[in-house]
Visitor: 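I have a structure I would like to understand better, so I am pasting it below and will then ask my questions one at a time.
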Number of protein chains: 2
Amino acid sequence: MTGPASGLYSPFVKSFTKISDSAVRRLSHYLRFLDDVEAAGRRTVSSEELAARGGITSAQVRKDLSHFGSFGKRGTGYPVTLLRERIEEILGLGRTWRVALVGAGKLGAAVFHYGGFRRQGFDLVAVLDTDPAKIGRRWGDLAIEDVADLTRIVKKRHVELAVVTTPAASAQDVVDALAGAGVEAILNFAPRKLVVPPQVTLRDVNLVMELESLTFALTHRDR
Amino acid sequence: MTGPASGLYSPFVKSFTKISDSAVRRLSHYLRFLDDVEAAGRRTVSSEELAARGGITSAQVRKDLSHFGSFGKRGTGYPVTLLRERIEEILGLGRTWRVALVGAGKLGAAVFHYGGFRRQGFDLVAVLDTDPAKIGRRWGDLAIEDVADLTRIVKKRHVELAVVTTPAASAQDVVDALAGAGVEAILNFAPRKLVVPPQVTLRDVNLVMELESLTFALTHRDR
DNA sequence: TCGTGTGAACGAATTCACAGCG
DNA sequence: CGCTGTGAATTCGTTCACACGA
């Protein structure tokens, strides 16, 4: 996909190495809005409308999208369906991703049951835990398997992406195993700073950090 | 830095309205590292060490801290305990915060059982749900209560902060009620863009968005 | 005319580099 | 000497403002 115009779905002639994190998040935003708008039967949408949600300006929307091509029509706006497809493609959602969930506790269960998961192209192919009481139990059409078999399972099922919901203490061991087995990206919910080799993309979600950013805001806002 | 030495615990003569979000997150980072270092019995720590975790430079660390005063000693580094206390104070952790949890599903349970919660000054004073089968059930020393009583409960118990783990469909109603009852900050896990009045600070955690930022990275990294 | 696409201007955040203090 | 604290330089992200095409 990255080279000069091979056919069809390859408009990415530039390398996008400099797209900021916040810009990527905004693309996710636009995507969700486009889903709504499309469901409502609208055919086109303006940058102004895309911006209306969340403190984004229309110029920002246009700039974001212009990094990836020009999808809009002057005087009209953006065609809803096309734009949705293009953003999905940009975000890498034009395919399914094989995901493993490590940690079958309450948080793992919450992730597992979370609807938007499978629907959006994420295919959960394994659930792993260390607890003998949980191993073998069925979650939907998957049986919980032993973390001891992680490497074998990841390799055999070509897991590309993992969600880690283990306790903090075991998280580093788990990501070492995941990285060793070839997993390319990890979403970590364990409240622990993890070290991963450079070829692995890691993202942390940390409840305490989020709460602290709230208490900071409350403490320092001018009243 | 901060103006002419008023006393003791009030070095905040300037308004910190311009501290960036990422800077606040880094403060949380430093705090966690300081906890470790302190537990290990160290007395001082350098900006270089504080930076070592996560792609932060030592200059960044010094700059971050310098916004709030000068806590370090040249040639020596920062005194661990003092710096920890100061960062806690900066983040608003010098007190406890009264928290309500709305949504007693799997995610709510995960948040509830999350250890680092109560330990770090967050005092959970209510758990609410709509499900009659759940209402009345005990979670630890709290009974799950009816969301219909939210306003009364929030007011009576002086809830300042709420964590929303309801399904997407009910999240907006819940935050409307929370905001109406005087809650000042909300951490939202429901996958829905929420509207809150300006005096309420809202933070979203969205699984799909996090996954999309991973698939974007995987799709566009140069191999 | 309307709204995109985009250079140019601006502003915010990070890094550099070094003076100065312990 | 070692390491902080901080202006200056730089990089990065956002907003402005308008030419241009549908």
Side-chain angles (χ1 to χ4, degrees), chain A residues 11 13-30 33-34 37 42-80 82-84 86-87 90 213 216, chain B residues 1-3 5 11 14-30 33-34 37 42-80 82-83 86-87 90 213 216:
Chain A
V13 289
K14 268 213 133 189
S15 80
F16 299 143
T17 49
K18 308 122 220 279
I19 301 300
S20 74
D21 212 73
S22 31
V24 174
R25 298 180 82 84
R26 285 195 298 271
L27 290 177
S28 291
H29 249 113
Y30 305 153
F33 182 60
L34 288 167
V37 162
R42 297 273 309 281
R43 292 312 190 82
T44 59
V45 69
S46 69
S47 58
E48 200 63 59
E49 290 172 285
L50 280 162
R53 305 233 187 151
I56 302 168
T57 66
S58 64
Q60 176 97 77
V61 173
R62 296 197 298 278
K63 187 68 98 181
D64 284 344
L65 298 178
S66 75
H67 290 127
F68 302 97
S70 40
F71 315 129
K73 291 203 201 320
R74 300 172 191 227
T76 313
Y78 300 87
V80 171
L82 176 77
L83 185 59
R84 175 185 53 72
R86 298 311 314 279
I87 293 180
I90 291 162
S213 94
F216 177 86
Chain B
M1 163 247 194
T2 27
K14 266 213 134 188
S15 78
F16 300 143
T17 48
K18 308 122 220 276
I19 301 300
S20 73
D21 211 74
S22 31
V24 175
R25 298 180 81 83
R26 286 195 297 273
L27 290 177
S28 291
H29 248 112
Y30 305 153
F33 181 61
L34 288 167
V37 161
R42 297 273 310 281
R43 292 311 190 83
T44 59
V45 69
S46 69
S47 58
E48 199 63 59
E49 291 172 285
L50 280 163
R53 308 233 187 151
I56 302 168
T57 66
S58 63
Q60 177 97 79
V61 174
R62 295 197 297 279
K63 187 69 95 180
D64 284 343
L65 298 178
S66 76
H67 289 127
F68 302 97
S70 39
F71 313 129
K73 290 204 201 317
R74 298 170 193 228
T76 314
Y78 300 88
V80 171
L82 176 76
L83 185 57
R86 298 312 312 280
I87 293 180
I90 291 161
S213 95
F216 177 86

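These values consider heavy atoms only, across backbone and side chains, with no hydrogens, waters or symmetry-generated copies.
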Visitor: Which nucleotide in the list D:dG13, C:dT6, D:dT4 gets nearest to the side chain of B:Ser46?
Guide: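 The listed nucleotide nearest to B:Ser46's side chain is D:dT4.
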Visitor: Looking at every strand, decide which applies to B:Ser22 at a 4.0 Å heavy-atom threshold: base, sugar-phosphate, or nothing.
Guide: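 B:Ser22: backbone/sugar contact only, no base atoms under 4.0 Å.
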Visitor: Within this structure, what is the NZ-to-C1' distance between B:Lys18 and C:dA13, rounded to whole angstrom?
Guide: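 Atom-to-atom, B:Lys18 to C:dA13, this comes out as 14 Å.
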Visitor: Just N and O in the side chain of A:Arg26: are any of them under 4.0 Å from OP1 or OP2 of D:dT14?
Guide: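 For D:dT14, OP1 or OP2 has a side-chain N or O of A:Arg26 closer than 4.0 Å.
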Visitor: Rounded to the Å, how far apart are A:Ile19 CD1 and D:dG13 P?
Guide: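 For the pair A:Ile19 CD1 and D:dG13 P, the rounded distance is 9 Å.
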Visitor: So, OP1 or OP2 of D:dG2: does either fall under 4.0 Å of a side-chain N or O from B:Tyr78?
Guide: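 The answer is no; no side-chain N or O of B:Tyr78 sits under 4.0 Å from OP1 or OP2.
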Visitor: Quick check for you: to the nearest 0.5 Å, what is the distance between A:Gln60 atom CD and A:Leu65 atom CG?
Guide: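 Going from the CD atom of A:Gln60 to the CG atom of A:Leu65 covers 10.0 Å.
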Visitor: With rounding to the nearest 0.5 Å, note down the distance linking OG in B:Ser20 to CG in B:Asp64.
Guide: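 The OG atom of B:Ser20 sits 7.5 Å away from the CG atom of B:Asp64.
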Visitor: Round to a whole Å and report the spacing from CD of B:Glu49 to C1' of D:dT4.
Guide: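 Nearest whole value for this atom pair: 14 Å.
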Visitor: Starting at CD of B:Glu48 and ending at C1' of C:dA17, how long is that distance when rounded to a whole Å?
Guide: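 After rounding, the gap between these two atoms is 14 Å.
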Visitor: Of B:Val45 and B:Lys63, whose closest DNA chain D nucleotide lies nearer the 5' terminus?
Guide: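 Going by which nucleotide is closer to the 5' end, it is B:Val45.
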Visitor: May I have the distance from B:His67 (atom NE2) to D:dG7 (atom C1'), rounded to whole angstrom?
Guide: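 Taking NE2 of B:His67 and C1' of D:dG7, I get 12 Å after rounding.
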Visitor: Do any side-chain nitrogens or oxygens of A:Thr57 fall under 4.0 Å of OP1 or OP2 in D:dT15?
Guide: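 Yes, A:Thr57 has a side-chain N/O under 4.0 Å of OP1/OP2 on D:dT15.
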Visitor: How long is the line joining CG of B:Asp64 and P of D:dT4, in whole Å?
Guide: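 In whole Å, D:dT4 P and B:Asp64 CG are 13 Å from each other.
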Visitor: Expressed as a whole number of angstroms, how long is the span from B:Gln60:CD to D:dC12:P?
Guide: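 From B:Gln60 CD to D:dC12 P: 13 Å.
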Visitor: Would you compute the distance between atom CZ of B:Phe216 and atom CG of A:Leu27 and round it to the nearest 0.5 angstrom?
Guide: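 Reported to 0.5 Å precision, the distance equals 7.0 Å.
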Visitor: Does D:dT4 have OP1 or OP2 under 4.0 Å away from a side-chain N or O of B:Ser47?
Guide: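 Checking B:Ser47 against D:dT4: at least one side-chain N or O falls below 4.0 Å of OP1 or OP2.
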Visitor: Roughly how far, to the nearest 0.5 Å, is CG of A:Leu83 from OH of A:Tyr30?
Guide: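 One finds 10.0 Å between OH of A:Tyr30 and CG of A:Leu83.
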Visitor: Hey, could you give me the NZ/OG1 distance between B:Lys63 and B:Thr57, rounded to the nearest 0.5 Å?
Guide: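 Atom-to-atom, B:Lys63:NZ and B:Thr57:OG1 are 10.5 Å apart.
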Visitor: Between C:dG5, D:dG5, C:dA13, which nucleotide gets closest to the side-chain atoms of A:Ser70?
Guide: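 The closest nucleotide is C:dG5.
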Visitor: Is A:Arg74 side chain donor-acceptor paired with the C:dC2 base, going by distance under 3.5 Å alone?
Guide: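 Donor-acceptor pair under 3.5 Å: no.
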Visitor: Between P on C:dC2 and CZ on A:Arg62, what's the gap in Å once rounded to a whole number?
Guide: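 In whole Å, C:dC2 P lies 15 Å from A:Arg62 CZ.
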